Amino acid sequence: MIVYFIGTGGSEGIPAHLCTCPTCNEARKLGFAQRLPSTVAIITENRKAVLFDVGTDIRDFLNVPLEAIFLTHWHHDHIYGLYKLRWMAMETPLYAPAGHADALILREPKNLQPRTIKPFEGIELDTLRITALKLNHQVETLGYLIEENGKRVALIYDTKGLPEETWEFLKAKAPLRLAIVDATYPPGTDDPYHNNVDEAAEIGLEPAERTVLSHISHKNLPFLQLTEYVRKRWGNRVLVAYDGMVFYV
Ligand SMILES: [Zn+2]
Ligand SMILES: [Zn+2]
Ligand SMILES: [Zn+2]
């Protein structure tokens, strides 16, 4: 499968409008340091596409039919793009947790077909098996384990640490090829709903061969400083995601 990172930012995106912090200033100079809100696509071996979160309008990045859309949770930075996408000319299943669902999307889904998915429920789609994982966040939030022919990728955001049952589940599935983990904040920040960079790396390092840090806020270190920190500390076992990054698994 191919993992396509369309958006790797937190809710404000980078640069945040009118913000002059070092991270936002750097992003105005270096295009690769700009980030849209969370959106990831998986392209299967059969070249079918499945979308995980729709933090942005995807039409410039992925203009193909979608087998399904999975939402991690109903926070706005993970669903913005749905308001436009629901007008697409093809009926498409939308799997999402029940908690805090957006009333407009449920009342007027247009061509989306909303279905509730619960922690540890599994869905078979094309060559994929997708299992929902329980995470620790402000509202009901699901991560996803995506499996194709024995290769495994875990999508783990938004979260602070992991509930014990998710931790056990992932360890039993190790080694994962890739863990994509919420790394909203810089090292040293303690937030009740999101990881900092060190906490995120710790989650990925044990079960996964590679960890990709994503959902990065402008409050985090500027891109160049962050990649240097990560490279010095963990070598190539931990990478910093960027918009447009493509990973062959
Ligand atoms: Zn900023
Ligand atoms: Zn959230
Ligand atoms: Zn978020």
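Note that the coordinates shown come from a computational prediction; the quantities given were computed from them, not determined experimentally. Order of appearance sets the numbers: ligands from 1, and atoms from 1 within every ligand.
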Of all the N, O or S atoms in H75, the one nearest to the Zn ion (ligand 2) is ND1
Ring-plane angle category for H194 and Y185, please: parallel below 30°, perpendicular beyond 60°, tilted otherwise.
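H194 vs Y185 ring planes: perpendicular.
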In [X], what N, O or S atom is nearest to the Zn ion (ligand 3), if we give its atom name?
X    : answer
D158 : OD2
D77  : OD2
H215 : NE2

Angle at the Zn ion (ligand 2) between NE2 of H137 and NE2 of H73, to 10°?
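It comes to 100°.
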Would you check if the side chain of E121 reaches a backbone N or O of A132 as a donor-acceptor pair within less than 3.5 Å?
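Judged by distance alone, no pair lies under 3.5 Å.
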T159 side-chain N/O to N136 backbone N/O, donor-acceptor pair under 3.5 Å:
yes
Taking the six-membered ring for Trp, are H100 and H75 closer than 6.0 Å centroid to centroid?
no
Suppose we call two aromatic rings close when their centres sit under 6.0 Å apart. Are F5 and Y242 close by that rule?
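Ring-ring flag for F5/Y242: false, centres at least 6.0 Å apart.
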H218: which N/O/S atom is nearest the Zn ion (ligand 1)?
ND1
Short check: any N/O/S atom of H78 below 2.8 Å from the Zn ion (ligand 2)?
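Given the 2.8 Å cut-off, H78 does not count as a ligand of the Zn ion (ligand 2).
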Going from NE2 on H218 to CD on Q34, what distance comes out if it is rounded to the nearest 0.5 angstrom?
14.5 Å
Does any N, O or S atom in H194 come within less than 2.8 Å of the Zn ion (ligand 3)?
no
